[in-house]
Amino acid sequence: VDPPPNSSHILERLGIVPNRIQGIILTHCHADHDAGTFQKILRQRQIKLYTTVTIKDSFVRKYAAITGFSVPFLQSLFEFRKVRIGEPMNVGCCSIFFNYTLHTIPCIGFRAVWRDSSIAYSADTNYSPKLINGMFEKGFIGAARRDQLMNFAWDSTVVLHEMGVPPIHTANVALEEACSANPGLRERLFVVHAAAGACPGFQQLGEMDTIAVPVVRCDDCVCREVLNVLRSQHFLRPLRKSKTLMMQLAGCAEVLTFSPGQLIVEHGQPINDVWILMGGMADCLQAPEPVTPELSRSGTKGSLIGDPVSEPEREESVVKGIFPLDILGCHAILETHEAKEQPKRGSQTAGDTHEFSIRAKTDVTIMRIQVDKFVEIIESSPANNHVWHFLRQNDQVASNFALSVIKCNLRLSSILELQLCTTDFLSLLKKESADTGDCLQEPCLVIDGYVSVFSRSSGDSGTFRGISSDMSAYRPRRGIGRGSLIGNMNKLALDEDSDLRVLAETPVEYFAIRSKGFQSFLRQFPGVLLQLLDETVLEGLFCSQRATMQGLGSH
């Protein structure tokens, strides 16, 4: 709700993967509330924006004026969920009731209800019965608006209420009166939107504070969360349209919980299951190397060589962190399928074991699905070939090779890492080759060899935001080498035909990227799109040297 700037960094410090945030409630369009919202829209995966039509329109007009992008383009960067005042909106198993507040511009607060628990959030408002009644008596507001403003949900399990300087914020004395009229409110009330130490006598929330409302999750909640986690797996994208198959997968899932320090997977354990982390954090641990005993120089009775010298026990070392949505044992799905397709090769998974141990770092929730069940359900889908393709693309060896190419492009690799979408990008790549003089498919990522990039058209093309740019002055780019991403990003964003021509100067290996798949990727990660606009070539590390050598040779 109205996230602050750099909210992704705050979430990471709290051990929460930013991609887990699927939606934002925008209460109003003052900078201290919407700046972080706009930033979050441009970070990681596309989000849902919950607000009224009036506030949404104001938001996009404001940032269109600030950025120079058009209103339709900005609206394409998020998924709008229309809020209706006074009507419940169901989000998961929770119902949210929205209301207008008393502020200088349109602003909404809400009450979220789940079974017997609820959270009320005032947003920016002036809760002053005297002021509200006075406005009604003067005819500024009607009876319905007066009653709604007066009847704040003070009886909620948790009350988050703002405090500030009247007349546009709520005064300290108004909250004191509310506490006097509602026994027990002070223990449930947390003050927000106020300077530190400005609320004596009240509990005040800081940036890193967390409130947990104890609830008992129902079966529907667990099933919905399992489905959301499965849908988030990139290799299952071809199955998302089949609710039946996704429900079958969810029905095979066993949800387990682990306490901090508890072993989830043991080194050497057979790979019979696929594990997907749903919540919390874990460590991937490498077993200590076996110690070769040092032998004493003087042997003892009964020993021809000598006695081992005692060594201190070596501890496991942390290889990497495991975070929500990470999957373990994914390669076993593909190997089991391939073993069934080629029975003469025998079962490739027989004897396969986990290379590392996994230990819970925090409280962890994880789902487990048997590999055989996973394969059986995927194979029953008409789209199963696409799933196997995604899994092959994400194969560890293939992924490491593609990553080595991407890391030759510092700008591209930093964009993908910042947006947490490297795995999604890898799934788009298909290795191809071209001879000298051949045209390469666009967009593409150069692996080896060199290419030249030309413009097919001339005339005033303009930048994405309409700033004049004469494409007739576009000079051919030569010596484009390893790690370079090539494509007319503006045309891709607008779903128009590209005016670039990519020619191989030498025999070339490259990753072809299907344009429709790349467009879908850019829609899912708006921050990547914005950083690639107006680009035709993102050069890798091996471009400038080649181009310089060509230039020296021409003199």
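All values reported here derive from a predicted model rather than from experimental measurement. All residue numbers refer to positions in the sequence shown, counting from 1.
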Non-hydrogen side-chain atoms of Ile276 and Leu230 separated by less than 4.5 Å: yes
Side-chain donor/acceptor of Gln39 to backbone N/O of Asn6, under 3.5 Å: yes
Nearest-0.5 Å distance that lies between atom SG in Cys223 and atom CG in Asn228: 9.5 Å
Gap between atom CD1 of Ile327 and atom CE of Met367 - 0.5 Å precision: 9.0 Å
Sub-4.5 Å side-chain heavy-atom contact between Leu328 and Phe356: no
NZ (Lys62) with more than 12 external heavy atoms under 6.0 Å: yes
Under 3.5 Å donor-acceptor, Glu417 side chain and Thr422 backbone: no
Backbone N/O of Gln262 and side chain of Ser259: donor-acceptor pair under 3.5 Å: no
Plane angle bin for Phe518 and Phe521 - parallel if under 30°, tilted between 30 and 60°, otherwise perpendicular: parallel
Note, Leu325 side chain near Gln233 side chain (heavy atom, < 4.5 Å): yes
Min side-chain heavy-atom separation Ser520-Gln524 under 4.5 Å: yes
Short side-chain donor-acceptor distance under 3.5 Å, Glu442 and Asn488: no
Mutual orientation of the aromatic rings belonging to Phe38 and Tyr63 [parallel < 30°, tilted 30-60°, perpendicular > 60°]: parallel
Ile333 and Val387: CA distance, side-chain angles, deciding distance, side-chain contact (heavy atoms from CB on, under 4.5 Å) verdict: CA-CA 10 Å; Ile333 301 173; Val387 177; over 6 Å; no
Atom of Lys40, atom of Ile24 and distance for their closest heavy-atom approach: CG-CD1, 3.3 Å
Main-chain N/O of Phe454 paired with Arg501 side-chain donor or acceptor, under 3.5 Å: no
Verdict with supporting geometry, Phe525 and Arg45, side-chain contact (heavy atoms from CB on, under 4.5 Å): CA-CA 5 Å; Phe525 297 94; Arg45 198 174 294 275; 3.6 Å; yes
Parallel, tilted or perpendicular, as decided by the 30° and 60° cut-offs, for the rings of His337 and Trp388: parallel
pair Leu249-Leu236: side-chain heavy atoms closer than 4.5 Å: yes
Under 3.5 Å donor-acceptor, Gln519 side chain and Arg514 backbone: no
Shortest non-hydrogen contact between Arg411 and Gln531, atoms and distance: NH2-O, 2.8 Å
OG on Ser433 to OH on Tyr510, rounded to 0.5 Å: 7.5 Å
Spatial distance of atom CZ (Arg43) from atom CG (Leu11) [nearest 0.5 Å]: 10.0 Å
Which atom of Leu263 lies closest to which atom of Ile358, heavy atoms considered: CD1-O, 3.6 Å
Flag side-chain contact, heavy atom, 4.5 Å: Arg477 against Thr536: yes
Spacing of NZ belonging to Lys241 relative to OG belonging to Ser381, to within rounding of 0.5 Å: 11.5 Å
Side chain to side chain contact (heavy atoms under 4.5 Å, CB included) partner of Pro443, the single match among Leu500, Ile486, Leu492: Leu492
Arg523/Glu79 ion pair, N-O < 4.0 Å: no
Gly540 backbone acceptor or donor facing Ser484 side chain under 3.5 Å: yes
Residue pair Lys430 / Gln441, side-chain heavy-atom distance below 4.5 Å: no
Derivation and outcome, side-chain contact (heavy atoms from CB on, under 4.5 Å), residues Leu533 and Phe73: CA-CA 12 Å; Leu533 288 177; Phe73 175 71; 3.9 Å; yes
Pairwise distance CZ(Phe59) to OG1(Thr51) - rounded to 0.5 angstrom: 9.5 Å
Ala360 versus Val364, closest heavy-atom pair with distance: CB-CG2, 3.8 Å
Side chain Thr362, main chain Met281, donor-acceptor under 3.5 Å: yes
With Asp273 via salt bridge (Lys or Arg N to Asp or Glu O under 4.0 Å) - residues at least two apart: none
Shortest non-hydrogen contact from Leu74 toward Ala64: CD1-N, 3.3 Å
Side chain Ser58, main chain Ile55, donor-acceptor under 3.5 Å: no
Main-chain N/O of Tyr450 paired to Thr506 side chain as donor or acceptor, under 3.5 Å: yes
Ile264 vs Ile322 side-chain heavy atoms within contact, under 4.5 Å: no
Pairing of Arg482 and Asp448 as salt bridge, 4.0 angstrom limit: yes
Heavy-atom pair of closest approach, residues Ala504 and Val451: CA-CG1, 4.1 Å
Asp363 and Thr257: CA distance, side-chain angles, deciding distance, side-chain contact (heavy atoms from CB on, under 4.5 Å) verdict: CA-CA 7 Å; Asp363 289 323; Thr257 57; over 6 Å; no
